[in-house]
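Order of the sequence lines fixes the chain letters, A, B, ..., with proteins taken first and strands second; residue numbering starts at 1 for each chain. None of these values were measured; they are calculated from a predicted model. Just so it is clear, the values below take in all heavy atoms, side chains as well, and ignore hydrogens, waters and symmetry mates.
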There are 2 protein chains.
Amino acid sequence: MAAKRSGGQSKQSERKVPPPSGPEPRSDQPLSLQRIVATAVELLDSEGIDGLKMRRLADRLGAGAMSLYWHVGSKEEVFDLALDSVLAYNGPAPIDASEDWRGEVVHMLKDWRAGMLRHPWSAALLPRRALGPNILFRLELLSSTLSRAGVADADLNVAIWSLWNYVIGATTTRASFDLSDDDRAAAQQRLTSLSEHYPTIERSRLLLDNDWDGAFSKGLDFLLDGLVPKQ
Amino acid sequence: MAAKRSGGQSKQSERKVPPPSGPEPRSDQPLSLQRIVATAVELLDSEGIDGLKMRRLADRLGAGAMSLYWHVGSKEEVFDLALDSVLAYNGPAPIDASEDWRGEVVHMLKDWRAGMLRHPWSAALLPRRALGPNILFRLELLSSTLSRAGVADADLNVAIWSLWNYVIGATTTRASFDLSDDDRAAAQQRLTSLSEHYPTIERSRLLLDNDWDGAFSKGLDFLLDGLVPKQ
DNA sequence: ACCTGAACACCGTTCAAGT
DNA sequence: ACCTGAACACCGTTCAAGT
């Protein structure tokens, strides 16, 4: 009878975003795309990608189960909209005059990764869907900054894809390791017990080092070293 | 009775497995984990990740719908086993004496990527699951090769993760672009129509260049340049 | 030991119908 | 224009039961 797993929300919902400035979310508020998407993000944050069910989403909105289908074509569309809404870039656009292109690139990529880690379901979704305007804006910003840094047009494509790949790979991996503490502990234990077969992995402490942020930064530095050699 | 969408198999099933000939499942061969996993891979290859249903899998095996549950605990376990079975490394182990560490690394990573692209559902699955023995073996091989190349133990962790991230990101992205020609064409059209807002992306031909293999190689070269600077 | 059908508790979505 | 409940066609899994 009581809510099944309503306790799970405590982690991330510290945010006090009551949509832009509107009144409090009440159950008799009319439905709208905005409210649907915002609530979908909340639900995804607290219940994970498999936790988004149309019926549950409608429930949270205080609406009848099928009301959503007037505003939205399908569940897939909800995913697309939720994903895009989470990728908005609010940081400062790089200044054309700035000489610190590298600092700007690092900042943009860290911000991108941090945003996705705040919504751990988003990273795995991103490479599977058409690119929305928010992520395209981020790619455009990245491209123009790299271009100013001296990357030739002919290399720009490869440079962008390399950074994209690195960020997507790092973030999906990190997010999934984050999901289940139990699974992770079990995996580590299992690995340690097998580690005689994997001596080099053991030596490098591959799965034992928890400094994900540091590893991301260092790897990114190496990649940028390769993409735009220091001279 | 008749197969629903058996036409979808034409792409990848060049393999000469005799079973898939008649609409009605063949023999009264006994069920086994091996057969279940092999058939699951077939099904995933032809129908995609959402196409794997326990009932359909049992059907293809000529078994009653619920028989699988004696061999397997859950659908999740089928995913884990199918994924691991696809990641086996058959290539030559690197020779300790070889000086061409870089060629070996490139070969191992290309082989890894190619294997996953042969089973387009696998890349997205990999970062979400515990690491199985086959992928651990690949990581161990990679680690020891990099170690011989002169990467310090303190940097090995970052180096492996960077390469992991790059391969995972590149492969999930490429595999998803491969899935639906229609979606892709639509996305490109949409992008072109919006391209006035994204001049640098347009200039770099970011989404128009189809040379995925070349882009993967070049980006990997840049990354390796950064990880192990030429001297 | 191995396999099975019936049954349960779901889900996304269609549809005719309400206001 | 906006919302709704009933209903359909699924799906993973449990279970008591068969051989």
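- If you take atom P in D/dA17 and the same atom in C/dC2, they sit 22 Å apart, rounded to whole Å.
- The nearest whole Å value for the distance from the NZ atom in B/Lys53 to the P atom in D/dA9 is 16 Å.
- Crowding of B/Lys110 atom NZ: a count of heavy atoms from other residues, nucleotides or ligands under 6.0 Å not exceeding 12.
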Take nucleotides 1-7 of chain C nucleotide by nucleotide from the 5' end and write B, S or -, depending on whether a protein heavy atom sits under 4.0 Å from the base, only from the sugar-phosphate, or from neither.
SBBBBBB
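- Annotation: A/Tyr166 is in aromatic contact with A/Phe216 [ring centroid separation under 6.0 Å].
- For A/His197, the side chain to side chain contact (heavy atoms under 4.5 Å, CB included) criterion is met by A/Leu194, not counting sequence neighbours.
- For B/Trp164, the ring pair (Phe, Tyr, Trp, His ring centres under 6.0 Å) partners are B/Trp112, B/Trp161, not counting sequence neighbours.
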Return one dot-bracket line describing DNA chain D 5' to 3' (Watson-Crick or G-U wobble pairs, both distances under 3.5 Å; ( ) same strand, [ ] crossing, | another strand, . none).
||.|||||...|||||.||
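- To the nearest angstrom, C1' of D/dC11 lies 8 Å from NZ of B/Lys75.
- Partners of B/Ser144 by side chain to side chain contact (heavy atoms under 4.5 Å, CB included), not counting sequence neighbours, listed by chain and number: A/Thr200.
- Contacts of B/Leu52 with the nucleic acid, taken as non-hydrogen atoms under 4.0 Å apart, involve only primed sugar atoms and P, OP1 or OP2.
- The CG atom of B/Leu57 sits 13 Å away from the C1' atom of D/dG12 (whole-angstrom rounding).
- Annotation: the span from B/Leu87 atom CG to B/His119 atom NE2 amounts to 9.0 Å, rounded to 0.5 Å.
- A/Arg203 pairs by the salt bridge (Lys or Arg N to Asp or Glu O under 4.0 Å) definition with B/Asp153, not counting sequence neighbours.
- When the P atom of D/dG12 is taken as reference, atom CD of B/Glu76 falls 11 Å away, rounded to whole Å.
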Start with the C-alpha distance between A/Arg118 and A/Asp45, add both sets of side-chain angles, then the distance that settles salt bridge (charged side-chain N to carboxylate O under 4.0 Å, His left out), and finish with yes or no.
CA-CA 8 Å; A/Arg118 251 177 269 128; A/Asp45 286 352; over 6 Å; no
